[in-house]
Participant: 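One structure, pasted below without further comment.
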Amino acid sequence: MAVEVRLPTLLRTHTDGAGSLQVNGATVGEVFAEVVEAHPGLKGQLVDDAGSLHKFVNVYLNDDDIRYLDGLDTKVGENDVISILPAVAGGS
Amino acid sequence: MPTTFALPLVRLSVEQYRRIVAHCYFGLPDEACGLLAGPVLGAEATGLITEVYPAVNADASSRTYTVDGRDYLRASRDAEARGDEIIGVWHSHTHTDAYPSPTDVRQAVDPMWLYVIVSLRDEVPVFRAFRIRDAQVAECQVELIGASSSL
């Protein structure tokens with residue numbers, strides 16, 4: 001089941017500049033595993049060493065933050081779009 | 001120390017400048033933030049700002065900001081629909097200089113991005129733009145399109 005994964009500019013250095021990937025998987029975690037297998041430079045950028053979603057990354061399945069769904073176990077379907085966005089923060 | 005990376009001339013319209021500064025004042029007493037869109041050539045932002053997206057500061061803090069994730073998602077979709085990308089972020093410093101703080105440098109997201117900081121410390125807002133790469137901060141010149149002089 002193919003879903004679209006959209007990447008921010010920051011991560012495109014690991015995908016030869018591609019901002020959108022078509023990836024198979026039944027859950028967000030499975031999709032990410034496929035993404036990392038195809039683009040090893042992304043290892044550690046999406047999922048941390050403990051297997052959790054990286055804390056500096058926000059992931060949306062269509063319009064919903066997967067942290068409020070089932071996290072990496074969130075099921076995905078045909079034509080779904082997974083958007084990966086870095087956390088943007090700072091302060092004085 | 002001279003920088004070893006390219007510094008684009010940041011160009012935005014007077015109207016975009018006003019929207020950014022107005023959003024910063026509107027956010028008081030908290031820091032305000034938003035995203036910048038523009039074209040990317042190769043892997044670099046050209047410096048041209050085509051759209052500005054005010055965002056909610058999810059921290060609701062006078063000392064820190066976090067761009068609300070949903071606002072980022074919406075901005076990102078809109079920018080891509082226009083054929084552009086999110087190429088930077090702005091935020092206000094309510095009581096300090098318009099210069100990246102150690103926190104700003106440490107948390108800088110993307111070496112390609114532009115980082116605009118608006119200081120509201122003084123009576124007149126101070127608007128400056130930077131690139132932050134490998135913990136190095138370099139200032140970019142800012143030109144207001146349609147204005148009689150650069151900032």
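Here is how names work: the chains are called A, B, and so on, in the same order as the sequence lines, proteins then strands, and each is numbered from 1. Here the structure is a predicted model, which is why all the values come from computation and not from measurement.
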Participant: In terms of hydrophobic clustering (I, L, V, M, F, W, Y; side-chain heavy atoms under 4.5 Å; direct or indirect links), are Leu36(B) and Val126(B) co-clustered?
Facilitator: no
Participant: Once ring pair (Phe, Tyr, Trp, His ring centres under 6.0 Å) is applied, what residue pairs with a partner in residues 29-72 of chain B remain, sequence neighbours excluded?
Facilitator: Tyr65(B)-His91(B)
Participant: Taking side chain as C-beta onward, heavy atoms only, is Arg70(B) less than 4.5 Å from Asp64(A)?
Facilitator: yes
Participant: As an exercise: rank Asn57(B), Leu35(B), Asp59(B), Thr64(B) by heavy-atom pairs under 4.5 Å with chain A and give me the winner.
Facilitator: Thr64(B)
Participant: Regarding Asp63(A) and Arg77(B), does a basic nitrogen lie under 4.0 Å from an acidic carboxylate oxygen?
Facilitator: yes
Participant: Where is the tightest heavy-atom contact between Ala87(A) and Val109(B), given as atom of each residue plus distance?
Facilitator: O-CG2, 3.5 Å
Participant: Can you tell me if CD on Glu37(A) sees more than 12 non-hydrogen neighbours from other groups inside 6.0 Å?
Facilitator: no
Participant: Taking atom CD of Glu80(B) and atom OG of Ser83(A), what is their separation to the nearest 0.5 Å?
Facilitator: 8.0 Å
Participant: Look at the side-chain heavy atoms of Ile, Leu, Val, Met, Phe, Trp and Tyr, link any pair under 4.5 Å apart, and say whether Leu7(B) and Leu48(B) land in one connected group.
Facilitator: no
Participant: Do Trp113(B) and Val88(A) touch side chain to side chain, with heavy atoms closer than 4.5 Å?
Facilitator: yes
Participant: More than 12 heavy atoms of other residues, nucleotides or ligands under 6.0 Å from CG of Asp49(A): is that the case?
Facilitator: no
Participant: How close do Gly90(A) and Thr103(B) get, counting heavy atoms only, and between which atoms?
Facilitator: C-CG2, 3.9 Å
Participant: Are there more than 12 heavy atoms of other residues, nucleotides or ligands under 6.0 Å from atom OH of Tyr25(B)?
Facilitator: yes
Participant: Does any heavy atom of chain A fall under 4.5 Å from the side chain of Ser62(B), the backbone, both, or neither of them?
Facilitator: backbone
Participant: I need the Ile87(B) CD1 to Thr9(A) OG1 distance, nearest 0.5 Å.
Facilitator: 9.5 Å
Participant: Determine whether Arg12(A) and Glu85(B) make a side-chain contact, defined as any pair of heavy atoms from C-beta on separated by less than 4.5 Å.
Facilitator: yes
Participant: For atom CZ of Arg6(A), decide whether the heavy atoms of other residues, nucleotides or ligands shown that lie under 6.0 angstrom number more than 12.
Facilitator: yes
Participant: Does Asn58(A) use its side chain to pair, donor to acceptor, with the backbone of Gly69(B) at less than 3.5 Å?
Facilitator: no
Participant: Identify which of His95(B), His93(B), Met112(B) forms the greatest number of heavy-atom pairs closer than 4.5 Å to chain A.
Facilitator: His93(B)
Participant: Under 6.0 Å from the CD1 atom of Ile145(B), do we count more than 12 heavy atoms belonging to anything else shown?
Facilitator: yes
Participant: Using non-hydrogen atoms only, which part of Ile117(B) is less than 4.5 Å away from chain A: side chain, backbone, both, or neither?
Facilitator: neither
Participant: Taking all heavy atoms of Ala89(A) and all of Thr66(B), pick out the closest pair and write down the distance.
Facilitator: CB-OG1, 3.6 Å
Participant: Applying a strict under-4.5 Å side-chain criterion to I, L, V, M, F, W and Y, I'd like to know whether Leu69(A) and Val23(A) cluster together.
Facilitator: yes
Participant: Within the supplied structure, the quantity of interest is the number of heavy atoms (other residues, nucleotides, ligands) at a distance under 6.0 Å from Arg18(B) CZ; does it exceed 12?
Facilitator: no
Participant: Would you mind reporting whether Asp110(B) and Pro86(A) have side-chain heavy atoms less than 4.5 Å apart?
Facilitator: no
Participant: What is the distance from atom CG of Leu73(B) to atom CD1 of Ile84(A), rounded to the nearest 0.5 Å?
Facilitator: 12.0 Å
